[in-house]
Amino acid sequence: MNEDMKKPLLWQDPNEGEALPGIRINQLGYAPKLPKEVAVTKAGDYVLTAEDGGTVKAFSDVLPKEDAASGDTVALLSLGELAPGRYTLAGAGESRSFTVAERPWREVTNALIKGLYYQRCDELKEEHAGVYCHPACHTKEVEEWRRPEPPLPKDRPLPPWFPKDLPPLEEPLGEAPKPRRIAGGWHDAGDFGKYVGPGAVTVGHLLYAWKLFPEGCGDELGIPESGNGIPDILNEARFELAWILQMQRSDGAFYHKLTTERFAGFIMPEEDEMPEYLSPISRCATGDAVAALALAARVYRPYDAAFADDCLAAAKRGWQWLAEHADNRPYRNPMGLMTGWYGDGSDRDERFWAACELFAATGETMYREAAEGFCREGRKLTQFGWTDVSGLGALCCLFDLKEAAGAVLYDDLKEAFLRRSEWALLTVKASGYGTAIPATRYEWGSILTSMGNAMAMIMNTLLTGREDMLCGAIGQLDYALGRNAMDLSFITGYGERQIMFPHHRPSAADGIEAPVPGLISGGPNNRNNYPWVKERLAGVPAAKCFLDVTDSADTNEIAIYWNSPAVFVAAYLNSLTVGDC
Ligand code: 9MR
Ligand code: ZN
């Protein structure tokens, strides 16, 4: 590993003994009227003062409690309503200043959306991308991966989440289609692969953010389509949808992914000259694509009816294929294809989300009945990642279909959803820093757990008006922006102490000191680390199992489907501050 890569510029690795400030804040600040909490790690009396030195609030005998995830002692201080301005919290021999501003999260919301623009597999022009511009990438024609597979070794180890028997590989269909160009799509993460399921899920988060909180989603992001009369969040999501449409096979199924044979080195995307291949199709990718396209049909109709028609037609063809292939057959990589697997043991939740969206798009009984069937099986409903998309189906039922969805898809679903979303808040309450990640669940991409739970708490507060749920959700943006065991903002370009070395090829290869802005890191992980990371973090508590080091994909990669739930959360909170200007 390049030793230079290991040295953070702005901050020192807290796991290497640097004393962190005892007061942890949302480093971008707080909104005047919304609940606000800061974390303190030391016992004592604390005083909050305004800029003029006047005491605003006093907290005596604060006694931080043991926090299992971080090994710290932590207390959360609730600051209540504060007028815009600069404030200082002092106590236990330390002080820290922060801002209360009318629209504290407006810029970061825009940045998180624009973060997806920087992932475009396309030329990024200087006028939009500034110093992060680059020429077009991955422009060659692509073909299906059709290499004959050698007999599989019997003792081939399978990932732990995988069903017991190795599923048969999906057969290609008839004659190989001619090589063709498939343009666009977002690079998935730190790698340049493009994966249908994760892309569709990302689109789902963005489109629901727009549907529920349009005024929080910003606009004029400085992307190529800006100013075309369509909100930029929709322009950005459409870039991916246009790619997803090209990923449909002639029989209606969707290819799982379009990637090179193996991950590229740490080079710029335009330097990645390896050929790309269309992987085998998968049921999960098809379900996700159907859902995102059916949702898109509704969202884009007022702007572009022809595009909406294309999306709906593709979604219906995909559904037809799914209906004819009702058995569960998890995707697996053909031997030799070594990029991301995104293997998902069950396709029931993808089928559920797809059925909900097609019912919402068409009103047809056949889709309603299918959605009801999947719903009756019992879905988790508060999950928003690529392995379980049932939360997206819940969004459709609770906020689009609403009462008209009937007893199963509304009344029963709502009851189950409200019950399950209590877990999100219980997790917050069990955490010293108010983080919605159970102490035992710091996994690869733990930020998704925090943001997914924030989405569930937001949905709860929208349904019930509960303030505790709102406060829990705000705490997750606070977590991402520094109120955490690392005193670190996980969003590139934002915060006093921000990550500088995400596992992101362009950020490492472009020769520019600051990483591409608006990207959120996967965050602490102590479960399936690389051996060298494990070694370096031996004995470190879960919430601190993080390295701001380029090579640590297991703790510090970025991914489109981690940005997008953060967009949902930030857009909601941003929308609550619109009236405060
Ligand atoms: O998000 C995925 C995470 O849940 C897995 O634990 C991890 C290891 O298999 O892979 C993650 O997905 C990666 C994908 O396979 C390839 N592109 C980068 C993704 C983010 O790390
Ligand atoms: Zn590319």
Side-chain angles (χ1 to χ4, degrees), residues 116-124 129 132-140 142 157-162 181-199 201-202 239-240 243 256-264 267-276 279 282 284-285 331-333 337-345 383-389 441-449 451-452 502-506 509 516 519-530 533 545 550-565:
L116 294 163
Y117 159 79
Y118 289 113
Q119 292 295 99
R120 287 188 187 192
C121 183
D122 199 0
E123 176 189 5
L124 302 189
Y132 302 104
C133 63
H134 65 70
C137 52
H138 305 106
T139 53
K140 291 190 197 125
V142 305
L158 284 174
W161 38 261
F162 215 74
R181 170 108 165 85
I182 293 188
W186 294 313
H187 299 143
D188 180 57
D191 62 321
F192 300 132
K194 285 158 283 186
Y195 305 78
V196 167
V201 166
T202 305
F239 188 80
E240 183 74 355
W243 173 78
H256 193 69
K257 61 177 174 177
L258 176 62
T259 74
T260 51
E261 186 173 335
R262 58 195 148 78
F263 293 126
I267 53 177
M268 289 300 283
E270 69 275 13
E271 290 163 357
D272 180 15
E273 304 234 302
M274 289 187 283
E276 288 180 300
S279 72
S282 81
C284 284
Y331 173 83
R332 74 166 169 88
N333 263 351
L337 183 55
M338 278 159 328
T339 48
W341 186 318
Y342 286 117
D344 179 347
Q383 301 293 306
F384 299 91
W386 57 266
T387 29
D388 189 337
V389 297
R441 287 280 309 280
Y442 279 82
E443 296 164 338
W444 193 305
S446 58
I447 195 75
L448 176 66
T449 307
M451 290 300 151
H503 180 90
H504 181 239
R505 281 164 176 73
V516 171
L519 301 175
I520 196 163
S521 166
N525 167 25
N526 75 343
R527 294 283 283 268
N528 42 350
N529 298 106
Y530 296 146
V533 173
C545 283
T550 302
D551 281 3
S552 181
D554 51 349
T555 73
N556 201 21
E557 186 160 0
I558 65 93
I560 54 173
Y561 50 86
W562 297 333
N563 257 62
S564 54

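Just follow the structure's listing: the first ligand is 1, and inside any ligand the first atom is 1.
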Engineer: Is there a donor-acceptor pair under 3.5 Å between the side chain of Tyr195 and the backbone N or O of Gly340?
Structural biologist: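 Yes; at least one donor-acceptor contact below 3.5 Å.
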Engineer: Taking the Zn ion (ligand 2) as the vertex, measure the angle between atom NE2 in His187 and atom SG in Cys137; round to 10°.
Structural biologist: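 His187 NE2 and Cys137 SG form an angle of 100° at the Zn ion (ligand 2).
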Engineer: Counting N and O atoms only, with roles assigned by atom type, does the side chain of His503 sit under 3.5 Å from a partner on the main chain of Thr550, one being a donor and the other an acceptor?
Structural biologist: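 It does hold such a pair.
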Engineer: Would you confirm whether Lys257, through its side chain, and Tyr342, through its main-chain N or O, come within 3.5 Å as a donor-acceptor pair?
Structural biologist: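 Side chain of Lys257 to backbone of Tyr342, a donor-acceptor pair under 3.5 Å: no, none is there.
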Engineer: With respect to the Zn ion (ligand 2), what is the nearest N, O or S atom of His138?
Structural biologist: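 Within His138, restricted to N, O or S, the Zn ion (ligand 2) is closest to atom ND1.
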Engineer: Hey, is the main chain of Glu273 close enough, under 3.5 Å, to the side chain of Lys140 for a donor-acceptor pair?
Structural biologist: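 Yes, Lys140 side chain to Glu273 backbone: donor-acceptor pair under 3.5 Å.
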Engineer: If the criterion is any heavy atom closer than 4.0 Å to an atom of ligand 1, which residues make the list?
Structural biologist: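 Lining ligand 1: Asp188, Ala189, Asp191, Tyr195, Gly340, Tyr342, Trp386, Trp444, Asn528, Glu557, Tyr561, Trp562.
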Engineer: When you measure from the side chain of Thr202 to the backbone of Ser564, do you find a donor-acceptor pair of N or O atoms at a distance under 3.5 Å?
Structural biologist: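 Not at all, since once roles are kept as given, no pair shorter than 3.5 Å links the two residues.
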Engineer: Go through the steps to decide whether Ser446 and Asn525 satisfy the test side chain to side chain donor-acceptor pair (under 3.5 Å), and finish with yes or no.
Structural biologist: CA-CA 7 Å; Ser446 58; Asn525 167 25; over 6 Å; no
Engineer: With rounding to the nearest 0.5 angstrom, report the CE to CZ distance, Met268 to Arg505.
Structural biologist: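 Result: 12.5 Å between the selected atoms.
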